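Encoded as structure tokens, the structure appears first; notes follow it.
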Amino acid sequence: MSALRIATWNINSVRLRLPLLADLDAALRPDVLCLQETKCPDELFPHEGIRALGFEHVMARGMKGYNGVAVLSRIPFTARANDPDWCMKGDCRHVGVTLALPSGPLDLHNFYVPAGGDIPDREANPKFAHKLDLIAEATAWFAQQAPLRRSVLVGDLNIAPLEHDVWSHKQLLDVVSHTPIEVEALQGWMRAGDWHDALRHFVPAEQKLYTWWSYRAKDWEAADRGRRLDHVWVSQDLRGALARHEILKPARGWEKASDHVPVMVEMTL
DNA sequence: ATGGTTGTCGTACAA
């Protein structure tokens, strides 16, 4: 039995915030770190700086300017084969790997779900339609994979499903990220894979829990108008392995901070 | 009060 720490962070440019990875590493010491919004084509990915932090195993799936995901790991892994290209867009929103743990293989999915634009209407807003379509595809695909074993799904899912995943349930009901149609979609995805919400495993549903604070607030900390957009899900067989979690809120106050903070879950496997 | 900030790219667009 040993501890496995998996962290996830929407880094909002891996090149700009490469120095912050050292601070994250010092704070959380993750064995595996999943990044979203790397905004970096693969040929420009900062492999040297990341290797210097001790992440010897890296898989990046990036493109110019937008999106992009990566898995940084101290544990060897193989790329999962034959995972879908969601919505056939080639837009670098998912990477799947299989970690080679001493206790056996563990599947890890790193997702960056589309933010979905401003208008919560699939007819009026193609970005919202894309968000719902990607989730519908993922729902159908994970339903086919069931029953999932030794599986973890992390990422910026861009939906805050519970009432206390946002600063004001009432005021955000019409705001993309917390609309009933999105919440339904996310919950359907969770049910399809029989996923267990690892963050709410540790934090009661009645308690406010955020992982993102807008750049647009004058004082993000004083306003505290946050949302829980970043998630860690585990298959039911890993429920008993959940040992600890940390949401690195101080990271929101770092110099040149991302608007998302790193989230970590530790399991005993 | 329908604002506000950030990153990439290149002076627009996505978040």
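Since this is a predicted model, take the numbers as computed values, not measurements. Chain naming here is simple, since letters A, B, ... match the order of the sequence lines and numbering starts at 1 in each.
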Margin query: Return whichever of Gly65(A) or Ala217(A) has its heavy-atom-nearest nucleotide of DNA chain B closer to the 5' end.
Written below: Ala217(A)
Note to self: For Met63(A) and Glu37(A), find the nucleotide of DNA chain B closest to each by heavy atoms; which residue's nucleotide sits nearer the 5' end?
What the structure shows: Met63(A)
Margin query: Taking Asp25(A) first and then Arg74(A), would you say they form a salt bridge - that is, a charged N and a carboxylate O separated by under 4.0 Å?
Written below: yes
Given the [atom1] atoms of [N] and [M], what is the spacing between them in whole Å?
N       : M       : atom1 : value
dA15(B) : dG4(B)  : C1'   : 13 Å
dT5(B)  : dC9(B)  : P     : 22 Å
dG10(B) : dA14(B) : C1'   : 15 Å
dT6(B)  : dT11(B) : C1'   : 16 Å

Next item on the list: Establish, from distance only, whether the side-chain atoms of Thr8(A) and Gln36(A) form a donor-acceptor pair under 3.5 Å.
Entry: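 There is such a pair between these side chains.
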Check: So, Asn12(A) and Glu37(A): side-chain donor and acceptor under 3.5 Å apart, yes or no?
Finding: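 No, because no side-chain N or O of Asn12(A) sits under 3.5 Å from a partner of the opposite role on Glu37(A).
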To the nearest Å, how far apart are [X] [atom1] and [N] [atom2]?
X         : N       : atom1 : atom2 : answer
Leu157(A) : dA15(B) : CG    : C1'   : 16 Å
Ile11(A)  : dT8(B)  : CD1   : P     : 11 Å
Arg225(A) : dG4(B)  : CZ    : P     : 15 Å
Gln36(A)  : dG7(B)  : CD    : C1'   : 16 Å
Asp91(A)  : dA15(B) : CG    : P     : 10 Å
Leu20(A)  : dT6(B)  : CG    : P     : 14 Å
Lys39(A)  : dC9(B)  : NZ    : P     : 9 Å
Lys256(A) : dT5(B)  : NZ    : C1'   : 11 Å

Note to self: Using a 4.0 Å heavy-atom cut-off, does Arg227(A) contact any base of the nucleic acid, only the sugar-phosphate backbone, or nothing at all?
What the structure shows: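 Nothing, no nucleic acid heavy atom in range.
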Note to self: Using OP1 and OP2 only, check whether a side-chain N or O of Arg17(A) sits under 4.0 Å from dG7(B).
What the structure shows: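 Checking Arg17(A) against dG7(B): at least one side-chain N or O falls below 4.0 Å of OP1 or OP2.
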Notebook entry, point to check: According to a strict under-4.0 Å criterion, is Lys127(A) in side-chain N/O contact with OP1 or OP2 of dC13(B)?
Noted result: no
Next item on the list: Looking only at non-hydrogen atoms, find the nearest pair between Arg5(A) and Arg29(A) and report the distance.
Entry: NE-O, 2.8 Å
Check: Any sub-3.5 Å donor-acceptor pair from His231(A)'s side-chain atoms to Ile159(A)'s backbone N or O?
Finding: yes
